[in-house]
Amino acid sequence: MPEKILESFEIRRLEILDPKGEVDESLMPSLSADEIKKMYELLILSRTFDQRAIDLQREGRLGTYASILGQEATQVGSAFTIKKSDWIFPSFREMGVYMTLGYPIHQLYQYWAGDERGLKAPKDLNIFPICVPIGTQMLHAAGAAMAAKYKRDPIAVITYFGDGATSEGDFHEAFNMAGVFKLPVVFICQNNHWAISLPRERQTAAKTLAQKAYAYGFEGIQLDGNDIFAVYKGTKDAIEKARRGEGPVFIECVTYRMSSHTTADDATRYRSKEEVEMWKLKDPILRLKLFMERKGLWTEPYQKEIEERSRQIIDEAVKVAESVEPPHPEDMFTYTYAKPTFRQLKQMEDF
Amino acid sequence: MPEKILESFEIRRLEILDPKGEVDESLMPSLSADEIKKMYELLILSRTFDQRAIDLQREGRLGTYASILGQEATQVGSAFTIKKSDWIFPSFREMGVYMTLGYPIHQLYQYWAGDERGLKAPKDLNIFPICVPIGTQMLHAAGAAMAAKYKRDPIAVITYFGDGATSEGDFHEAFNMAGVFKLPVVFICQNNHWAISLPRERQTAAKTLAQKAYAYGFEGIQLDGNDIFAVYKGTKDAIEKARRGEGPVFIECVTYRMSSHTTADDATRYRSKEEVEMWKLKDPILRLKLFMERKGLWTEPYQKEIEERSRQIIDEAVKVAESVEPPHPEDMFTYTYAKPTFRQLKQMEDF
Amino acid sequence: MPQLNMVQAINLALKEEMMRDPDVVILGEDVGKNGGVFRVTEGLWEQFGSERVIDTPLAESGILGISIGMAAYGLKPVAEIQFVGFTYPALDQIFSHASRIRSRSRGRYTCPLVIRTPYGGGIKAPELHEESPEALFCHMPGIKVVVPSTPYYAKGLLISSIRDPDPVLFLEATRLYRLIKEEVPEGDYTFPLGKARIVREGKNITLVAWGSMLHKVLQAVEGYDDVEVIDLMTLHPFDEETLFKSARKTGRVIIVHEAPKTCGFGAELSATLAEEAMLYLKAPILRVTGYDVVMPLPKLEDFYLPTVERIRKAMEDIIKY
Amino acid sequence: MPQLNMVQAINLALKEEMMRDPDVVILGEDVGKNGGVFRVTEGLWEQFGSERVIDTPLAESGILGISIGMAAYGLKPVAEIQFVGFTYPALDQIFSHASRIRSRSRGRYTCPLVIRTPYGGGIKAPELHEESPEALFCHMPGIKVVVPSTPYYAKGLLISSIRDPDPVLFLEATRLYRLIKEEVPEGDYTFPLGKARIVREGKNITLVAWGSMLHKVLQAVEGYDDVEVIDLMTLHPFDEETLFKSARKTGRVIIVHEAPKTCGFGAELSATLAEEAMLYLKAPILRVTGYDVVMPLPKLEDFYLPTVERIRKAMEDIIKY
Ligand SMILES: Cc1ncc(C[n+]2csc(CCOP(=O)(O)OP(=O)(O)O)c2C)c(N)n1
Ligand SMILES: Cc1ncc(C[n+]2csc(CCOP(=O)(O)OP(=O)(O)O)c2C)c(N)n1
Ligand SMILES: [Mg+2]
Ligand SMILES: [Mg+2]
């Protein structure tokens with residue numbers, strides 16, 4: 001071809017830990033035994049939280065809930081590398097991220113029970129509230145990164161979103177801003193193969209989501225999202241790069257939404273049992289367990305112990321969540337503006 | 001690197017006619033002498049239209065006007081390949097496209113003088129009115145393409161936009177729709193290096209705009225937009241591909257906005273004389289002229305003749321535009337809905 | 001005649017219109033195989049295939065933008081936006097294009113598009129799933145706004161909306177989807193856009209509402225004699241004549257809506273009366289509305305929404321006046 | 001004291017606030033080297049550099065989205081949207097985020113953001129360059145809406161807006177940018193948000209307007225005695241007290257705005273009066289507004305906009321009533 005070639009790209013995929021629990025030692029990040037156990041415990045805690053949320057929802061004690069089942073490694077593995085000084089802009093399916101960062105668990109239940117007080121992050125944690133309108137929070141992440149850069153704060157900003165979110169215009173504008181201003185932001189996509197009933201292949205005709213980053217002049221990489229070591233390594237590299245001021249990275253974590261979209265959805269209407277069964281074999285927790293067993297880090301009693309501990313933590317969180325006084329109707333008015341307007345003051349007299 | 005490579009891309013650039021008027025014969029599309037002369041005459045007509053518009057604006061006979069100076073080859077070359085059955089969704093800086101398609105020239109002046117009647121396309125021409133909100137019309141193109149596909153109409157839909165438009169969220173959503181539904185749409189970007197005062201390099205960190213197409217799973221190509229043969233060939237191939245139902249193509253035409261953004265802008269505030277001078281050497285009309293001269297298709301008398309003819313056409317168009325009765329105030333109401341509402345009927349009594 | 005709820009009535013209208021006219025197509029998120037998150041399009045994908053019941057990527061501006069192109073080309077798209085709160089990313093396409101293309105092209109292109117979307121509170125759903133932003137759309141010339149309140153009218157109004165030559169925003173009160181069943185005839189019938197209906201006649205007070213609030217109002221007026229209740233049904237353009245007639249008769253008007261008070265659609269109704277029918281009014285025009293706050297999450301939503309008590313209090317106030 | 005036009009007064013406010021507070025940054029399309037398409041930010045890029053006067057890509061949702069993130073992080077962004085018609089693609093960020101982040105996070109994060117944007121007609125500009133959609137924003141709890149009418153107040157109101165802890169939409173009437181000069185002091189002064197001002201006192205009629213229409217009203221009342229003119233200045237939250245006081249005094253109210261009548265901000269003012277001050281009214285509340293049509297292109301815009309004649313006719317009607 002006599003035409004000129006202007007640019008060329010390659011899209012890479014990182015895998016370290018396979019479904020049998022074996023690792024590629026050449027890629028394995030350095031993690032102490034304690035760190036690996038901590039990760040494992042967070043995976044178990046996340047799954048315990050999730051199962052309890054579904055139970056509570058069935059009993060009418062929570063509202064509609066979005067399960068994280070199957071996505072725990074993506075969430076724990078990535079959040080594991082985040083520092084207190086970093087800022088995080090989640091979507092709505094990141095309970096494992098909140099928990100890894102130490103967000104008060106009872107507040108998560110409070111939120112899912114329909115109480116916005118659950119969304120008030122503790123002072124020492126720079127995590128934004130759950131974001132319902134899909135794709136919109138990535139721009140806030142870019143903005144925070146811009147502010148951090150302006151203030152010379154050597155932090156990273158991390159934002160989470162799903163495969164569906166990549167179709168929204170705001171995704172595009174956020175990625176473009178990040179590229180143009182070389183912002184310290186790490187975009188983490190939980191590609192769980194589904195956006196409610198739309199499969200990934202019909203969300204976009206691109207073969208990978210990772211390749212979308214090149215449209216904005218920065219790097220995208222695909223990871224096995226059920227491989228906690230790949231997630232950890234990929235996000236750690238990206239976050240450190242961001243903290244060094246070397247610009248954004250896009251990480252596509254390929255994982256799977258094992259349950260329905262939410263408790264209000266019935267995934268059997270639109271996807272095959274076989275697909276779900278196939279992904280069960282790639283379970284992120286099982287995989288880490290097999291690895292740990294091989295390394296002598298996992299035993300039956302250990303499993304029992306951490307399951308029991310998780311259960312206690314979750315029991316306690318539910319108890320606290322459910323013993324909180326219901327919000328006062330006046331609460332509706334308190335946070336519209338710093339000070340209520342004349343009209344609001346009049347309206348508040350109804351209570 | 002032990003990681004897997006999932007995909008790789010190369011971004012190509014097509015050039016045929018160089019600034020000295022020499023062509024790469026291996027790439028030269030087959031065009032008769034008459035066709036080439038027709039193209040040249042449309043370039044001259046476009047430039048004559050443009051210069052007159054600027055003069056009229058200075059005299060207060062038009063409103064703010066957006067010049068196409070320097071972009072004529074991109075416009076004439078691409079529109080030259082469009083059939084009457086195709087649909088076209090322009091932006092606002094495509095007077096050369098309208099004229100190549102045979103749009104009544106007096107209506108263009110009427111529009112720029114602030115009369116929406118100028119935007120009513122003749123029955124046999126499927127061109128949409130000028131679109132002011134940047135980037136939004138690409139979605140209409142995708143939608144029309146979807147409808148054509150549904151109706152099994154073997155047509156192509158062509159949409160034009162600028163480099164700035166590639167930053168808008170609607171650009172992203174339109175490209176994604178086109179990819180997912182494999183729509184018969186050709187996206188033509190007039191990358192004229194500037195979006196008002198923002199240079200292309202700060203519009204996006206991507207090295208080319210063409211590469212953005214790969215984020216949506218289809219092909220993007222860069223052309224020398226001042227090279228009418230490259231534009232013609234690139235768009236012809238893409239349009240024919242679309243008509244055959246083989247999906248979308250994105251064409252980045254690299255050209256230059258020789259004048260200020262509009263008559264209300266002063267480009268000397270933000271860009272260097274040197275840059276403008278450099279681009280003068282790449283003038284798209286000069287280049288074709290040199291080629292034609294070499295081929296014996298151009299002579300001084302010929303030039304005089306077509307300049308004179310263009311002037312007559314433009315004189316006539318201006319005369320017609322300015323002799324049209326001003327719109328009646330009631331006109332405001334006529335096209336809000338198919339039938340005016342009760343309230344509108346009451347309001348119309350004011351006139 | 002079958003007893004249908006609103007989901008079924010709307011589904012029936014869609015099915016019949018698609019059978020009647022091959023240019024009618026449906027598009028949106030999860031409208032196909034999944035039948036829509038509220039199952040409003042259930043069975044249509046099976047019946048009409050994926051070319052006519054189109055699952056789109058997650059992109060609201062995209063959905064409405066391509067719908068506009070489809071409509072201009074000659075189809076009659078019925079686009080579903082999953083919740084009205086998710087029309088916000090698509091407002092530019094509605095305001096700048098759907099509502100203007102007829103005007104901008106001087107009638108050469110039109111936009112016979114229906115945007116169906118659930119609206120309103122009372123279903124204990126997450127943020128942005130319970131919005132009532134109808135007033136925003138009523139302010140934009142070029143679009144019509146329809147809000148059915150019962151299955152029977154939902155079907156007739158939707159058929160009219162699909163056949164209307166201009167874009168229609170068709171707001172479906174989520175709380176009503178499965179709340180009421182009533183007889184809904186099969187086959188063609190329409191209810192004209194721009195016409196209100198008197199649900200209950202009376203001489204003392206006029207209560208105006210639409211969608212889900214109509215039922216709150218009907219609950220509130222139980223046991224009250226001589227109260228007139230108007231179901232507005234089309235908000236833009238609204239039926240001034242019916243409103244004036246009723247106001248002239250009763251001299252007392254109460255407007256009830258879910259949206260925040262300030263600049264809600266109640267303001268327009270009230271201002272219209274204050275401008276053109278003030279002479280007949282015996283009392284101030286009252287508005288019972290949502291408060292001027294962000295719609296709260298489920299724990300407080302019942303306090304936000306107008307209640308039977310608040311409506312009754314307004315009725316007492318207006319009578320005492 | 002220097003005589004400044006509105007462009008200069010706003011520029012001065014920006015400059016002084018940037019000097020006072022390093023957290024104030026400006027961003028938008030062409031605001032940097034080019035100084036903004038109306039030159040409102042002229043000289044600021046030279047003075048404060050490209051880190052504080054930021055030329056962004058062409059993406060309005062992006063501009064406001066990143067502004068929200070910047071504001072939450074601790075900066076005080078002043079974002080320019082080139083024309084208010086181009087806020088439409090960014091409405092989701094305004095409605096779903098800027099106005100809600102304080103509420104959603106229960107005060108943990110806030111959004112001290114100013115969105116500056118030219119609005120309004122009378123400048124013979126292309127489509128979407130002359131919109132007056134202020135009412136849309138007034139309906140959304142969580143945001144404030146300010147419209148200055150003269151250079152002096154523009155400066156004071158902008159400084160207040162920048163220092164306000166909540167998001168403010170600051171609408172600058174394009175037609176006024178260079179129309180009037182007046183004395184504008186250098187240095188710090190503020191004018192409180194939420195307060196209207198009486199521009200002219202009178203006992204017979206109250207005329208309410210804001211931004212560019214204020215000047216049309218002032219022209220219209222020339223030669224009429226005893227007419228009171230209110231410049232609302234802040235539309236949301238608006239100064240009910242000043243309005244009530246005036247309405248109580250004159251008993252006759254005319255509201256003038258450029259936006260289409262239906263659901264314009266005039267509707268809220270009128271409805272508020274109809275609800276709370278009807279007893280004092282001697283005549284219907286009149287609205288002189290734009291028509292319910294798409295804002296026409298230059299050839300017809302003078303017919304669209306309220307004229308001195310239409311305002312005078314309303315004054316005569318209301319007096320005769
Ligand atoms: C703007 C917007 N449109 C639609 C929805 C409704 N909705 C909620 S989640 C969802 C799918 C999201 O898919 P994805 O981004 O892949 O995230 P996942 O649910 O898989 O975690 C949709 C359509 C929404 N919340 N926001
Ligand atoms: C949504 C929107 N934002 C801003 C503008 C104002 N504006 C008009 S043209 C323009 C620059 C467009 O740049 P580009 O897309 O490169 O087209 P060009 O002017 O170079 O032809 C801008 C910002 C607009 N018309 N629409
Ligand atoms: Mg997903
Ligand atoms: Mg350009």
Side-chain angles (χ1 to χ4, degrees), chain A residues 63-64 66 92 110-119 129-136 162-171 195-199 202-204 261-262 264-267 269-271 326-337 340-341 343-344 346-348 350-351, chain C residues 28-39 42 45 50 54-63 65 82-83 85-90 92-93 123-131 260-262 288-304 306-307 309-310 313:
Chain A
T64 300
F92 65 98
Q110 235 182 309
Y111 165 71
W112 289 105
D115 181 348
E116 35 271 276
R117 291 174 304 174
L119 294 180
I130 275 178
C131 178
V132 167
I134 298 295
T136 52
D163 44 302
T166 64
S167 294
E168 290 281 2
D170 277 1
F171 162 93
I196 308 188
S197 72
L198 200 74
R202 285 198 282 137
Q203 194 64 249
T204 177
H261 171 66
T262 62
D265 177 50
D266 171 12
R269 293 173 66 92
Y270 51 77
R271 72 181 183 185
H328 190 277
E330 254 195 42
D331 251 38
M332 279 193 290
F333 296 89
T334 315
Y335 299 102
T336 318
Y337 299 98
T341 63
R343 185 161 277 199
Q344 285 186 312
K346 240 183 285 168
Q347 294 177 351
M348 284 162 83
D350 283 3
F351 299 101
Chain C
E29 293 157 14
D30 308 293
V31 295
K33 201 167 181 182
N34 196 35
V37 291
F38 289 105
R39 310 283 177 257
E42 178 145 37
W45 179 80
S50 56
I54 305 161
D55 275 322
T56 65
L58 211 179
E60 290 75 15
S61 186
I63 293 168
Q82 214 153 65
F83 289 89
F86 306 136
T87 60
Y88 298 163
D92 189 33
Q93 285 293 342
I123 56 157
K124 303 267 190 274
E127 206 190 2
L128 286 161
H129 287 64
E130 306 210 352
E131 305 278 297
K261 182 172 203 165
T262 301
V288 181
T289 70
Y291 298 107
D292 284 315
V293 302
V294 175
M295 175 81 199
L297 289 190
K299 291 273 185 207
L300 290 179
E301 73 173 28
D302 290 341
F303 295 98
Y304 170 86
T307 55
E309 294 67 43
R310 285 175 61 203
K313 180 164 182 312

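Below, chain A is the first sequence line, B the second, and so on; all start at residue 1.
We find the OG1-CD distance between C/Thr289 and A/Gln347 to be 6.0 Å, quoted to the nearest 0.5 Å. Atom CG in A/Asp331 sits 11.5 Å away from atom CG in C/Leu297 (nearest 0.5 Å). Atom CD in A/Glu116 sits 8.0 Å away from atom CD in C/Glu127 (nearest 0.5 Å). Atoms CZ and CZ, from A/Arg269 and C/Arg39 in turn, are 3.5 Å apart once rounded to the nearest 0.5 Å. Interatomic distance, CD of C/Glu29 versus CD1 of A/Ile134, reported as 8.5 Å (0.5 Å rounding).
Side-chain contact check for C/Asn34 versus A/Ile196: some heavy-atom pair is nearer than 4.5 Å. Counting heavy atoms from C-beta outward, C/Lys33 and A/Ser197 have side chains that stay 4.5 Å or more apart.
Interface remark: A/Asp265 contributes side-chain atoms only to the contact with chain C (heavy atom separation under 4.5 Å). Using a 4.5 Å cut-off between heavy atoms, A/His261 makes no contact with chain C at all. In this structure, chain A has a heavy atom under 4.5 Å from the side chain of C/Glu42, while its backbone stays farther away. Contact annotation for C/Thr262: both backbone and side-chain heavy atoms come within less than 4.5 Å of a heavy atom of chain A. Only the side chain of A/Thr336 comes within contact range of chain C, with at least one heavy atom under 4.5 Å from a heavy atom of that chain. Residue contact with chain A, scored on non-hydrogen atoms closer than 4.5 Å, involves the backbone and the side chain of C/Tyr304 alike. Within the 4.5 angstrom heavy-atom criterion, no atom of A/Pro326 approaches chain C. Contact annotation for C/Tyr291: both backbone and side-chain heavy atoms come within less than 4.5 Å of a heavy atom of chain A. With a threshold of 4.5 angstrom between heavy atoms, C/Glu60 approaches chain A through its backbone and through its side chain. Heavy atoms closer than 4.5 Å to chain C are found in the side chain of A/Phe351, but not in its backbone.
Listed here is the closest heavy atom pair of A/Pro133 and C/Phe86: CA-CE2, 4.1 Å.
Counting heavy-atom pairs under 4.5 Å between each of A/Pro340, A/Ala113, A/Gly63 and chain C puts A/Ala113 at the top. With chain A as partner, the option from C/Glu301, C/Lys299, C/Lys261 having the largest number of non-hydrogen pairs under 4.5 angstrom is C/Lys299. Most heavy-atom pairs under 4.5 Å with chain A: of the set C/Gly85, C/Pro89, C/Pro57, this distinction falls to C/Pro57. Options C/Leu58, C/Thr56, C/Asp30 differ in how many heavy-atom pairs under 4.5 Å they form with chain A, and the most are formed by C/Leu58. No other option in C/Asp292, C/Val294, C/Val37, C/Asp302 has as many heavy-atom pairs under 4.5 Å with chain A as C/Asp292. Taking A/Met348, A/Gln344, A/Arg343 one by one and counting their heavy-atom pairs under 4.5 Å with chain C, the maximum is reached by A/Arg343.
The 12-atom threshold is exceeded at NZ of C/Lys124, counting heavy atoms of other residues, nucleotides or ligands nearer than 6.0 Å.
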